[in-house]
Amino acid sequence: MIPKTIIIITGPTAVGKTSLAIDLARQYNTSIISADSRQCFQELNIGVAKPPRVHLEEIPHFFINSHVITQEVHAGTFEGYAMDAVSRIFSERDIAIMAGGTGLYIRAFCEGLDSIPQIPAGVRQQIVAQYAQSGMEWLHQEVEKKDPLFFAEGEIRNPQRLMRALEVMIYTGKSIREFQQQKKITRNFSMLKIGLELDSDLLKRNIQHRVDEMIEKGLAGEVRQLITYRGLNALRTVGYTELFEHFDGKISLNEAIEKIKANTRAYAKRQMTWFKKDKEITWFDARNVDDVKKWVELKLKIKN
RNA sequence: GGUGCGGUAGCUCAGUUGGUAGAGCAAAGGACUGAAAAUCCUUGUGUCGGCGGUUCGAUCCCGCCCCACACCA
């Protein structure tokens with residue numbers, strides 16, 4: 001019996017993950033699970049570089065257009081969703097494909113997250129509101145008092161982490177540190193992790209082209225329609241925040257475009273910083289996707 | 001041609017009552033287990049427009065020149 005295998009394609013934004021995934025999905029006659037924290041939202045289209053509609057119709061995709069922006073989606077949501085999706089794919093196929101650039105989501109899928117109770121939304125809302133009002137000093141004091149364990153070793157200058165620690169403490173009465181065992185779960189299928197990379201000048205050029213293309217396709221119009229939802233997490237996204245600023249009259253359209261390009265570059269850099277640490281990834285030059293295909297074929301043969 | 005305001009880090013600018021200079025953004029590196037396209041940390045030598053003068057010492061004061069902008073002719 002052939003072992004079930006998922007081919008995971010990752011790398012920075014605008015290297016060409018999507019088109020490689022589609023090629024492989026065709027070749028192995030299977031489906032794709034997107035590992036992208038923004039493409040899952042129906043309302044976000046031009047700005048998040050979804051696969052073209054024809055391809056979405058040709059090949060089944062999971063976690064694309066699967067949610068609406070008012071839903072809360074996070075790494076835990078993805079883990080559950082993606083585990084369900086692979087098992088459905090594996091019930092009919094031996095190979096599945098995952099493609100995306102959200103490192104935390106991919107890790108959640110591959111290794112699992114430590115189980116922490118679901119915190120009711122209201123708990124966080126209160127903390128966020130209090131933080132907005134009273135600021136960092138208050139947050140520090142709260143966490144130092146309520147969760148000294150986290151305060152001693154956590155990222156105490158990062159408000160998001162502090163607020164997360166606080167909500168877990170308030171709701172469960174235990175430090176988030178006690179939950180975070182960093183235990184890797186072993187999945188009952190095998191994985192081939194592929195990284196696509198590109199010389200930084202070339203990647204910059206790709207980003208530039210892609211952003212210009214998004215503008216031509218009408219990104220500004222898409223963003224304008226979503227302006228009333230700007231407070232939602234789904235819209236704290238490169239391409240959207242900069243255009244909101246433009247519609248506020250703070251910056252010109254050209255400035256917004258330049259900012260989108262710069263922020264996309266910074267995002268790509270953060271992605272590389274994350275992925276470089278994953279020693280299971282085999283890297284390929286994005287210009288030689290045929291090498292990837294050959295390598296995948298070889299690996300799958302060995303497995304048989 | 002005259003007057004005014006400027007010329008400081010890749011960009012936008014702050015500053016030094018004369019002791020060779022600093023923020024934001026960019027850039028580079030890094031962290032990150034339920035906000036992750038998010039969030040956070042680290043890294044700043046640049047003929048302070050050019051040439052001369054005053055001074056122990058000038059980017060800062062003075063003179064001339066060049067460049068940009070505005071206004072007046």
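In this text the structure is predicted, and so the values were computed from the model without any measurement.
The phosphate of A35(B) has neither OP1 nor OP2 within less than 4.0 Å of any side-chain N or O from Asn158(A). Distances shown here put every side-chain N or O of Arg236(A) at or beyond 4.0 Å from the OP1 or OP2 atom of A38(B).
Salt bridge present: Asp84(A) and Arg88(A) bring a charged side-chain N and a carboxylate O closer than 4.0 Å.
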Pairs under 3.5 angstrom, nitrogen or oxygen only, protein versus nucleotides 25-28 of chain B, please.
unit_1 : atom_1 : unit_2    : atom_2 : d
A27(B) : OP1    : Arg265(A) : NH1    : 2.5

Each base of RNA chain B marked ( ) or [ ] if paired in-strand (Watson-Crick or G-U under 3.5 Å), | if paired to another strand and . if unpaired gives ((((.((..((((.....[..)))).(((((.......))))).....(((((..]....))))))).)))).
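Note that the CD1 atom of Ile6(A) and the CE atom of Met191(A) stand 7.5 Å from one another [nearest 0.5 Å].
The environment of CD in Gln126(A) is sparse: at most 12 heavy-atom neighbours from other residues, nucleotides or ligands sit within 6.0 Å.
One atom, CZ of Arg157(A), and another, P of C32(B), lie 17 Å apart when rounded to the nearest Å. Rounded to whole angstrom, the span from the CD atom of Glu245(A) across to the C1' atom of G24(B) amounts to 14 Å. A36(B) atom C1' lies 7 Å from atom CZ of Arg38(A), rounded to whole Å.
Between A37(B), A35(B), C40(B), one nucleotide has an atom nearer to the side chain of Val48(A) than all others, and that is A37(B). Side-chain proximity of Lys277(A) to the nucleotides C32(B), U33(B), A36(B) is greatest for C32(B).
In textbook terms, a nucleotide whose glycosidic angle is within 90° of 0 is syn, while G49(B), being further out, is anti.
Applying the ring-ring contact (aromatic ring centres under 6.0 Å, His included) test to Phe189(A) and every residue at least two apart in sequence or in another chain returns Phe90(A), Phe109(A).
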